[in-house]
Amino acid sequence: MTRSHISETPTSLIEVRQLGKTVNTATGPIHILTDINLRINAGESLAIIGTSGSGKSTLLGLLAGLDLPSQGEVFIQQHALTTMDEDARAELRNQLIGFVFQAFQLLPGLTALENVMLPLELSHRADAEVVAAALLQRVGLGNRLTHTPKQLSGGEQQRVALARAFVTQPRILFADEPTGNLDRKTGAHIIDLLFELNAEQQTTLILVTHDVQLAQRCQHTITLEGGCML
Amino acid sequence: MKALALAFKLLFRDYRSGELSLLFLALIIAVTSVTAISLLADRLQQTMVTQAAEFLAADLVVNSTTPISADIVQMATGLNLQQAQSIEFTSVIMENEQLLLAGVKAVSNNYPLRGQLKTSLSDYATEQIQAHGPERNTVWVEKRILSALNLKLGEQLRIGEKALTISHVLTYEPDKRGDLYSLSPRAMLNTEDLAATQVIQPGSHIHYFWQFAGAPEALAQFKQQLKPLLNPSQKLMDIHEDRPEIGGALQRAERYLGLSSIVIVLIAGVTIAMSTRRYSERHLDTAALLRCLGSTQAQILTLFTWQIILLGVLASSVGCGLGWLLQDFLLHLLASLLPQKIAAPSLLSIVFGLLMGIIILLGFALPPLLQLRKVSALRVLRRDLEPLPASAWLVYGLAISLLSVLIWQYTHDLRMTATIGLSGVAGFVLLYALAYGLLTLLKPLLPKLSLAWRLSLQNLVQERSTSISQILAFSMALMVMQLSYTVKSDLIDNWQQQLPVQAPNHFALNIFPEQVHSVEQDIQLATQGNSHFYPIVRGRLTAINDVAVQRYVTKDSQGQQATERDLSLTWSESLPPDNTLVSGNWWQDKREGVVSVEQKLAENLGIKMGDRLTFTVGSEQFTAQVSSLRQVHWETMQPNFYMIFAPGNLERFAHTFLTSFYLAPAQKAFLNTLVKNYPSITVLEVDQILAQLKTILTQLTTTINYLFSLGVLAGFTVLFAAITASLDQRKHKSAIMRTLGANSRLLNTIHCIEFAGLGLISGILAVCLAESVTWVLYHFVMHLEYHSRVLLWVLIPLSASGVIAAAGYFGLLKVSQTTPMQILRSL
Ligand SMILES: Nc1ncnc2c1ncn2[C@@H]1O[C@H](COP(=O)(O)OP(=O)(O)OP(=O)(O)O)[C@@H](O)[C@H]1O
Ligand SMILES: [Mg+2]
């Protein structure tokens, strides 16, 4: 290590230092990410692009504290994620972070409304139902509150997922190819919605995409190639 | 052939990816337990049949008062059956100026065909096993003959006109019956000496026993041809009628074996079905993809069918092998209790597990895949499936029917199979409805609950079909465990009741009223125990409601036997302890001219409450009205009576007394004193029979305990299979919840509540189902007395809830220690 970065207090909202991820497989270790350094300030937007398998989802997961790095450190609001335990990271996610998955990941047993209410309920908000219903109204699903994910189309499910991500008014929103499973027109609609909500709530946005046009709507872009930043 | 090769390749890939391990494991466990139990049950049952044969000293016995016709003997010879005869009669023996009534038994050279005789050479010598009876010119006697007649081994004993040398003391004879002829002390001689004794005269009261043994098929054929040839004085004997005290126990034990097999097969079926569903659901994608790649539905079905058959054969073979080892091990544990020779298993019981594994696997793996037929590949990938098509229900139905036929074929117990099958299906439907109703009832409660409670119950309520299938699996498992436990305990209780420690093992008859007091004192002095004295008046039942009793009698029935000879009539102030009233009351205000009748006899003769019975005692006739019906446990071998009168009705007739008492082997000399002091008294020894019975009941009890453990083990297997099958879904949910910020405490609480709830509901349903099945089973099949166990009603739901919650909690503990990303990637 050339710098003793632990002592240096990060100033940005998100700061990534010498981040690396290695997994051990039957055929030997794979280095998925090597030496990633990043700073993202509050209110900025960042697009991560790269070819398939270049490590985008892995990086996003590490940034959101959904996974642990093999080397390096991720700071969110001065908190070093690796020094926290799983529950502390969950708490942090609940308060600061929203996440949109490529495959929606709604809970199949719950209705659209219940899915959106869930993050609020986890932080014991009494007004969960009202807030969630309002946000679903905002994404155009006001008449589908009681439907379960199975009864919704892909685009509708992703809108529920967006509402769920924004409902806690997170400071940071992570979105992993939010339109990857949707047709072009629906995808564009979702992206518009994403940016609208982002603007309304002044969220910091980190977006994985392989759509260069979409990346251009963000203030910054980084490109991954074989696990390294270009 | 190409399909087979491809199936094999795909299966191997599945195996490499770890997809198969759970199904494979479930299959192996299920087939292992089924194979073990079916082998064990089969071998034990066959052993029981052989053992039962020992109590008859043959496989088949014809009891006759005259020699049987030469045709029958020839027929048996033609069928290659072994044959032996024994001839029994009572005879007064006089030696050294002492008189003794002995039960004489002449046996042919190859008696006994089954079982063995035991003898000893003195009081202290160890018993010797004898394959056959006495040689010519010798006689074997029970010890009491020696002491009563002041004789020693090697001296001469004269039976009729023939003097025989006493060569052995007889200590055990396999077919010793509990009737009067065999209970006088035994003297056994060779049939070839019989003529020389000249005791058999026309008109003597003699029982001939023609004994046969051989291959089962030959015996069956013989039995069929024999039946029409028998005349009214000749009777085919079987263990259940001839030795009810043993036959009853054996029959119930056989039923328990059958029950255990059925129950374990059912539960193994549920295990396989649960894991198979998961397997085939995971393979829907593969199937859909194959469709996209251009395979026809027929090709896909062929491919999967082959794959499943391959899997079934592989796993079931392993299970079969393990099952064999397991039953061998169990038999090894039981070795000291069982007869030396255990029957070899039949072919069906060896391959039973194998067949069952493959049938259930196919039956439950194919229907979900059949669903794909009319559905586009895309909708399959999105799991947007229609309800099962008719053909899938056909496959389920076929699988279940095949299984039932297999069980029936295997247990040969149509009644039990049908009882369990029908009450099982009815219970299943009921359970389904109940579970559905319970979950629906929960729904309106949800908004009022705290987060953890709401989220966990929401999971149960929203995914109702998943919850219900889990509840069904859990309750099936619990039900089986409870059923095995209840039936086991009741059987063992029943046997213990049948044979309490120090149950009276000797009877003394013909005690005159003036002797009662001193006999009582003598017995008390010798045995330190009290004994009850029953008065006996010999009399005959002659009419029912003034119609001659012969009009009511059916041939060869218990009624005929009871009305053709004198009955022992008694009176008693209180209801004898072993008896239970089934209708009417014990003596109340009306005590004159009332009688209590044994229920079976009443049934047989059509006697009802309030009927007027006419009795003849000596030359006098009197009538009595039936005031109650009693159930009597004949198999306890205690003094019991068909007719009990209220005190005050019979005292005017000449009567004697009967008593029973317990003598330890060392106290037997007391019998000689008794007989010497009161020459008129007849003593019956039932100690040998009781000891024989006790051995058998101990064997049966131990066996049943092992079977029960197997049942519980199988139950737990299903529980864990059902829990494991649901883990993927829950892991996925947990990962998403974690992403949204749920902490591990909340997740653990949710899992605990969810599983505890499932356990509680399943436990309650299981208790209801188990109690109903038990009731039906006791009432229609096992003829045991049903009583509800209140403790189980509480214990089962609570412990089920605890165990399932713990298992679920530990199964999901890793989830709270892994990062969400790892979980999502691993699913
Ligand atoms: N647990 C793991 N074990 C083995 N390999 C892994 C694991 N996690 C990720 N990888 C590998 O790391 C690489 C990067 O994965 P990642 O999902 O981050 O790619 P990506 O850039 O998001 O690709 P895509 O655009 O296709 O979603 C891939 O080659 C993937 O196979
Ligand atoms: Mg990705």
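All values reported here derive from a predicted model rather than from experimental measurement. Below, read A as the first sequence line, B as the second, and so on, with proteins coming before strands; counting in each chain starts at 1.
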Partners meeting side chain to side chain contact (heavy atoms under 4.5 Å, CB included) with A:H79 (sequence neighbours left out):
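Side chain to side chain contact (heavy atoms under 4.5 Å, CB included) list for A:H79, sorted by chain: A:Q77, A:M84, A:L92.
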Select all residues of residues 45-61 of chain A having any heavy atom within less than 4.5 Å of some heavy atom of chain B, and report them by number, or 'none'.
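When heavy atoms of chain B are the reference, residues 45-61 of chain A contributes A:S57, A:T58, A:G61 within the under-4.5 Å range.
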Looking only at heavy atoms, which of residues 98-106 of chain A get nearer than 4.5 Å to chain B?
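Within residues 98-106 of chain A, the residues under 4.5 Å from chain B are A:F99, A:F101, A:Q105, A:L106.
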If every non-hydrogen atom of [X] is compared with every non-hydrogen atom of [Y], which pair is closest and at what distance?
| X | Y | answer |
| --- | --- | --- |
| A:L66 | B:T819 | O-CB, 3.0 Å |
| A:A90 | B:A742 | CB-O, 3.4 Å |
| B:M737 | A:L122 | O-CD1, 4.1 Å |

Which answer fits A:P108, side chain, backbone, both or neither, if we ask what part of it has an atom under 4.5 Å from a heavy atom of chain B?
both
Check whether A:L118 gets within reach of chain B through its side chain, its backbone, both or neither, counting any heavy atom under 4.5 Å.
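The side chain, not the backbone.
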What is the distance from atom CG of A:N94 to atom CG of B:N743, rounded to the nearest 0.5 Å?
9.0 Å
If you measure from CG on A:L120 to CG on B:L451, what distance do you get to the nearest 0.5 Å?
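Those atoms lie 11.0 Å apart.
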Less than 4.5 Å apart, any side-chain heavy atom of A:R93 and any of B:P820?
yes
Just grab all the salt bridge (charged side-chain N to carboxylate O under 4.0 Å, His left out) pairs involving residues 114-134 of chain A, residues at least two apart or on different chains.
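Residue pairs with at least one partner in residues 114-134 of chain A: A:E121-B:R454, A:R125-A:D127.
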